[in-house]
Amino acid sequence: MLGLVAAVLFFISFLINAAEISTNHVFSSVNIMLLGLTALALHVAGIGSGWSRRR
């Protein structure tokens, strides 16, 4: 799930950068890209993957 969130955040960051949309400092393309990298790191770490092994 977090992998999909990261992909969406990367796409939004790309659109902001490619269209040269002026945004405030909170929603800049770099900040959204960093949120995507955080979501991707959590996904790779196994957090929020939806798979649980209970015995």
Side-chain angles (χ1 to χ4, degrees):
M1 183 67 181
L2 286 174
L4 291 175
V5 170
V8 168
L9 288 173
F10 285 140
F11 182 70
I12 291 171
S13 174
F14 171 75
L15 287 180
I16 289 173
N17 194 18
E20 297 180 358
I21 298 172
S22 63
T23 59
N24 57 10
H25 294 291
V26 176
F27 293 111
S28 68
S29 64
V30 174
N31 286 343
I32 294 175
M33 182 184 60
L34 290 174
L35 287 173
L37 284 173
T38 302
L40 187 63
L42 290 173
H43 174 73
V44 170
I47 299 171
S49 63
W51 294 94
S52 63
R53 298 186 75 179
R54 296 181 186 163
R55 292 185 183 206

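Scope of the values below: all heavy atoms of this structure, side chains included, with no hydrogens, waters or symmetry mates. Just so it is clear, the model here is predicted, and its values are computed rather than measured.
- I16 and V5 fall within a single hydrophobic cluster, where Ile, Leu, Val, Met, Phe, Trp and Tyr are joined by side-chain heavy atoms under 4.5 Å apart, directly or via other members.
- A search for side chain to side chain contact (heavy atoms under 4.5 Å, CB included) contacts involving L35 returns L9, not counting sequence neighbours.
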In residues 23-33, what donor-acceptor pairs under 3.5 Å come from side-chain atoms, sequence neighbours left out?
| unit_1 | atom_1 | unit_2 | atom_2 | d |
| --- | --- | --- | --- | --- |
| T23 | OG1 | F27 | O | 3.1 |
| N24 | OD1 | F27 | N | 3.2 |
| S28 | OG | N31 | N | 3.4 |
| N31 | ND2 | H25 | O | 2.6 |
| N31 | ND2 | V26 | O | 3.4 |

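- Qualifying side chain to side chain contact (heavy atoms under 4.5 Å, CB included) partners for L15, counting only residues two or more places apart in sequence or in other chains: F11.
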